[in-house]
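Counting starts at 1 for both ligands and their atoms, following the listed order. What's counted below: heavy atoms across the whole structure, side chains too, no hydrogens, waters or symmetry copies. One-based numbering along the sequence shown.
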Amino acid sequence: MSADPLVVGVDFGTLSGRAVVVRVRDGAELGSAVTEYRHGVVDRELPATGRALPPEWALQVPSDYVDVLRTAVPAALADAGADPADVLGIGTDFTACTMVPATVDGTPLCELPEFAENPHAYVKLWRHHAAQPQADRINELARARGEKWLPRYGGLISSEWEFAKGLELFEEAPDVYAATRHWVEAADWIVWQLTGSYVRNACTAGYKGILQDGQYPSRDFLRELAPGFESFVADKLEHPLGQLGDRAGTLTAEAAAWTGLPEGIAVAVGNVDAHVTAPAARAVEPGQLVAIMGTSTCHVVNGAELREVPGMCGVVDGGIVPGLWGYEAGQSGVGDIFGWFAGHFARESHDELTRLAARQEVGEHGLVALDWHSGNRSVLVDHDLSGVVVGQTLATRAEDVYRALLEATAFGTRKIVETFAEAGIPVTELIVAGGLTKNALLMQIYADVTNLPLSVVGSAQAPALGSAIHAAVAAGAYPDIRAAAGAMGSARSAVYEPVPAHVTAYDELYAEYTTLHDYFGRGTNDVMHRLAARRRAVAKGRS
Ligand SMILES: Nc1ncnc2c1ncn2[C@@H]1O[C@H](COP(=O)(O)OP(=O)(O)O)[C@@H](O)[C@H]1O
Ligand SMILES: O=C(CO)[C@H](O)[C@H](O)COP(=O)(O)O
């Protein structure tokens, strides 16, 4: 073994894949590279046919992920000036729940000529929200039957997850469903490409696959949901599990040729981009909440005890680090909302809008917004909800709305933090990670709105560093994730402190947010649902 061993971490985000080369002894990032996905998010038309996709669809093309292995990994090695022979292992993380319908050998169905023109044969990205009607039925039936797993998901299963998307496939594309041998998380599919064998990671199986206490939803439940769907678990989903930090296998000769890494090195079990970030931020103790802020925000926090938190995404035993209950919550749209507004309406850069918005006092724009442009993941778990900006006048400028949207996402995070605390999972430290940490105004707003000092993860590529940490554990360089996190992870404490005058002003605006939140989100006025149904009906009629 080399005197100074290295590991590689690769983070597969929504728009790109990022690779880092990391020193095992101290977590120093020696080199990195990014590859944008060639097809990005396929949400308007299918590249193979040019056919328009219905609203709420979001697909990806799996060969784009392999391109990241072929390009970003060698480029990161070159950037680091690293000798590949020094690399002990590789770890990966992925967005989730991002699902690949695959054959028995892992070939994505969209790569078979007979399915290339069928949108259902492509990867359904986490933010594919067309399975909301299926999610609604799952929730209704689970509630009626008193299914014990439902409270582990805050009382609601999301349309983003494995069962809702699986039921959508079963009902809307029976031919693709029948040809699907494995309904695979992309997190596991990429590990399959690296090792040549399929290992299902315990993290996504728990959070997105309704695996609780070793059991999936019963055949009986699935039959009642939709006759014929009862064999979904046995036929498509169930597969031997790998625990976080375990070795899934070793790098194949083919993957070694793609990446420039040595054949036979350790490949870590797959993981979710959010959960893998906790060790990168050294946040492996109860109460340390990590918010990974990118296109969306995921919130992960460990707890010593099992609690039922309304509207959380889930609680999984060992879901973040072995030995603790891992809790997850999230906001489906954050950077995506800012990007949508900046691109379609303001036609200005984030930097310019931020510069103008930063000149304002709290409340100066006279606006309050709801951050539901991509639906609400926590705490309402409803993707038929949509965005709102209240208070616009002819004097309202683009930077005013932009700032109101930044603030709305901060209010959404406060709602989540308060809900955790009320359920007995107090948040003692808020640590932020992800691409949005570069926006200092946004960070200050989060400190002011939550009234918590904000720590910032030490790495600009925290999920990729987290994957590298898992690679080091899988390679046997550390006994467990906690030890590896202590040596390789980092966070800067209290980088943004709440400003008391802002805190008071935001308390008042948060009260307005809460009123709107409950009015539109908890059934007082169902206008958003009616509009979503109408939009869906028109799209259906057209297709
Ligand atoms: N300066 C900025 N301020 C606010 N949002 C930004 C800024 N720059 C990029 N974004 C948004 O951040 C998101 C990308 O976040 P990033 O963490 O890089 O990616 P990912 O979520 O795919 O991991 C995009 O949705 C984009 O609109
Ligand atoms: O829900 C998730 C994890 O549980 C998704 O992976 C996440 O929301 C998408 O990540 P990103 O915003 O970094 O692209």
Side-chain angles (χ1 to χ4, degrees), residues 10-18 34-37 40-41 58 60 68 93-99 125-129 153 158-162 185-187 201 203-204 206-209 270-278 290-300 312-314 316 319-320 326-344 346 348-358 373-375 377-378 381 383 399 402-403 405-407 409-410 432-443 445-446 457 459-464 466:
V10 191
D11 165 41
F12 290 86
T14 298
L15 304 169
S16 62
R18 287 153 279 207
V34 181
T35 299
E36 302 287 328
Y37 302 142
V41 177
Q60 287 197 317
V68 172
D93 64 84
F94 231 103
T95 65
C97 167
T98 294
M99 297 306 294
L125 182 64
W126 61 273
R127 76 150 121 88
H128 173 91
H129 288 149
Y153 300 95
S158 164
S159 67
E160 292 181 359
W161 298 351
E162 294 178 13
E185 286 277 354
N201 79 82
C203 179
T204 44
Y207 287 102
K208 317 294 177 186
N271 206 337
V272 183
D273 52 6
H275 304 67
V276 82
T277 304
V290 185
I292 302 93
M293 300 179 58
T295 55
S296 65
T297 293
C298 276
H299 310 77
V300 292
M312 68 177 161
C313 299
V316 172
I320 303 172
Y327 293 82
E328 180 191 350
Q331 291 167 269
S332 299
V334 180
D336 259 354
I337 301 178
F338 313 149
W340 159 82
F341 181 76
H344 290 293
E348 274 290 0
S349 71
H350 289 289
D351 289 347
E352 181 58 9
L353 288 165
T354 302
R355 190 182 67 77
L356 295 170
H373 301 67
S374 191
R377 194 185 289 169
S378 298
V381 202
H383 289 288
E399 59 271 24
Y402 189 78
R403 182 173 175 125
L405 293 171
L406 301 183
E407 291 167 343
T409 67
V432 287
L436 297 191
T437 51
K438 67 180 172 226
N439 186 323
L441 171 66
L442 183 69
M443 295 297 103
I445 289 172
Y446 271 61
V457 72
S459 167
Q461 302 285 0

Which is closest to atom 2 (C) of ligand 2 by heavy-atom distance: S158, G294, A96, G13?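 Residue with the shortest heavy-atom distance to the ligand atom: A96.
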
Between G435, S374, S296, flag the one that comes closest to atom 7 (C) of ligand 2 by a heavy atom.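 It is S296 whose heavy atom sits nearest to atom 7 (C) of ligand 2.
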
Is the closest N or O pair between T95 and ligand 2 shorter than 3.5 Å?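 No: no nitrogen or oxygen of T95 is under 3.5 Å from one in ligand 2.
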
Contact (N/O only, under 3.5 Å) between T297 and ligand 2: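 No.
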
contact_flag Y402 ligand 1 heavy-atom lt 4.0 Å: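 Yes; Y402 lies near enough to ligand 1 that a heavy-atom distance drops under 4.0 Å.
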
Going by heavy atoms, is Q461 under 4.0 Å from ligand 1?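 Outside the 4.0 Å threshold, so no.
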
Would you please indicate yes or no on a ring centroid separation below 6.0 angstrom for H275 and Y207?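 Here the rings of H275 and Y207 have centres that are less than 6.0 Å from each other.
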
Using a strict cut-off of 4.0 Å, indicate which atoms of ligand 2 neighbour a heavy atom of E328.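 Within the 4.0 Å cut-off of E328, ligand 2 contributes 3 (C), 4 (O).
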
With under 30° as parallel and over 60° as perpendicular, where do the rings of F12 and Y37 fit, or are they tilted in between?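 It falls in the parallel class, under 30°.
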
N/O separation below 3.5 Å, F338 to ligand 1: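 Such a contact does not occur with ligand 1.
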
When you check the side-chain N and O atoms of [X] and [Y], is any donor under 3.5 Å from an acceptor?
X	Y	value
Y402	H350	yes
H129	E160	yes
T354	N439	yes

